[in-house]
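Below is one structure, written out as structure tokens; the observations come after it.
Residues: numbered from 1 along the sequence shown.
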Amino acid sequence: MLGFGADLLWADMNRLLAFLFHQGVLDEQFLQLQQLQDHTSPNFVSEVVNIYFHESEKLLTNLRSLLMEREFSDYKKMEIHLNQFIGSSSSIGAKRVTSICIAFRAASEQDNRTGCLRALEMLEHEYCYLKNKLHELFQIEQQRALAAGVRYPV
């Protein structure tokens, strides 16, 4: 019976991943990241993604702080944060977040504060969506591993 539950959870994971790929939320880089995970590091993907989330929270805070300054004019500093966000997002396969960051950077290169504010709002929304969906995926993955009898290190 344990194997049957694990099979159902595996199917749930695959459906969720297919949905995220179909929506363009993730790209093939996420699959490459998954290929690096094995029995010696069963939490590899979730650990990498959690580091990404931690760093992304800081970048979002920095971007919002910059844009909220009354006399904002440091677009170059904002572009540095956006380049970091683009690099880390593309490295985990966060396709839509990466695309929004690129549009955000274009607005920044044009010194377009209104465009930057709109892009930041879109980025925060998309980032939250990605974070929620990947947490859902990792919860299903952990349930599947437990149903299959795999033990995660604590």
Would you tabulate the side-chain donor-acceptor contacts of residues 131-138 under 3.5 Å, counting partners in other chains and residues two or more places apart, or write 'none'?
unit_1, atom_1, unit_2, atom_2, d
K131, NZ, E57, OE2, 2.9
N132, ND2, C128, O, 3.3
K133, NZ, E136, OE1, 3.4

Tell me which donor-acceptor pairs under 3.5 Å the side chains of residues 8-23 have, and how far apart each pair is, sequence neighbours excluded?
unit_1, atom_1, unit_2, atom_2, d
D12, OD1, R15, NH2, 2.4
N14, ND2, W10, O, 3.4
Q23, OE1, Y129, OH, 2.7

message: Going by side chain to side chain contact (heavy atoms under 4.5 Å, CB included), name the residues that satisfy it together with A103, two or more places apart in sequence or in a different chain.
response: none

- request: Could you tell me which residues satisfy ring-ring contact (aromatic ring centres under 6.0 Å, His included) with Y127, sequence neighbours excluded, listed by chain and number?
  value: F53

- prompt: Going from CG on N83 to CZ on R105, what distance comes out if it is rounded to the nearest 0.5 angstrom?
  reply: 5.0 Å

query: Do the charged groups of R118 and E121 touch, with an N to O distance under 4.0 Å?
result: no

query: Between CZ of R113 and OG of S73, what distance do you get to the nearest 0.5 Å?
result: 9.5 Å

- request: Using side chain to side chain contact (heavy atoms under 4.5 Å, CB included) as the criterion, list what pairs up with M122, not counting sequence neighbours.
  value: I100

task: Quick one: closest heavy-atom pair of M78 and C116, and the distance?
output: CE-SG, 3.5 Å

task: Report yes if the side chains of L36 and V48 come closer than 4.5 Å at any heavy-atom pair, otherwise no.
output: no

message: Which residues end up grouped with I80 if you chain together Ile, Leu, Val, Met, Phe, Trp and Tyr wherever their side-chain heavy atoms are less than 4.5 Å apart?
response: none

query: Are L31 and V97 co-members of a hydrophobic cluster defined by side-chain heavy atoms under 4.5 Å apart?
result: yes

Validation: residues 87-95 side-chain donor-acceptor distances under 3.5 Å, sequence neighbours left out:
unit_1, atom_1, unit_2, atom_2, d
S88, OG, Q84, O, 3.1
S88, OG, F85, O, 3.3
S89, OG, Y52, OH, 2.8
S89, OG, F85, O, 2.8
S90, OG, I86, O, 3.1
S90, OG, G87, O, 3.1
S91, OG, S88, O, 2.8

message: Going by the rule ring-ring contact (aromatic ring centres under 6.0 Å, His included), which residues pair with H125 if we only count those two or more places apart in sequence or in a different chain?
response: none

- prompt: Is I102 close to L82 at the side-chain level, that is, under 4.5 Å between some pair of heavy atoms?
  reply: no

statement: CG (L59) and CD (E55) are apart, to the nearest 0.5 Å, by 7.0 Å

- prompt: Under the ring-ring contact (aromatic ring centres under 6.0 Å, His included) test, which residues partner F72, sequence neighbours left out?
  reply: Y75

query: So does R96 pair up with E126, basic N to acidic O under 4.0 Å?
result: yes

field: Residue list, side chain to side chain donor-acceptor pair (under 3.5 Å) with K77, at least two apart or on another chain
entry: none

message: Please determine whether side-chain hydrogen bond (donor to acceptor under 3.5 Å, both in side chains) holds for the pair Q37 and E47, giving the CA-CA distance in whole Å, both sets of side-chain angles, and the decisive distance to 0.1 Å.
response: CA-CA 10 Å; Q37 183 168 292; E47 288 170 1; over 6 Å; no

task: Could you walk me through whether L66 and H81 pass the side-chain contact (heavy atoms from CB on, under 4.5 Å) test, one step at a time?
output: CA-CA 10 Å; L66 280 171; H81 293 310; 3.6 Å; yes

field: Interatomic distance, E141 atom CD to R144 atom CZ [nearest 0.5 angstrom]
entry: 6.0 Å

message: Suppose we screen for side chain to side chain donor-acceptor pair (under 3.5 Å). Which residues come up paired with Q34, at least two apart in sequence or across chains?
response: none

message: Holding to side chain to side chain contact (heavy atoms under 4.5 Å, CB included), I want the full list of residues that pass it with S41, two or more places apart in sequence or in another chain.
response: D38, F44

query: So L63 and L123, side-chain contact (heavy atoms from CB on, under 4.5 Å) or not? Walk me through it.
result: CA-CA 11 Å; L63 289 166; L123 179 58; 4.3 Å; yes

query: What is the distance from atom CG of L33 to atom CD of E28, rounded to the nearest 0.5 Å?
result: 12.5 Å

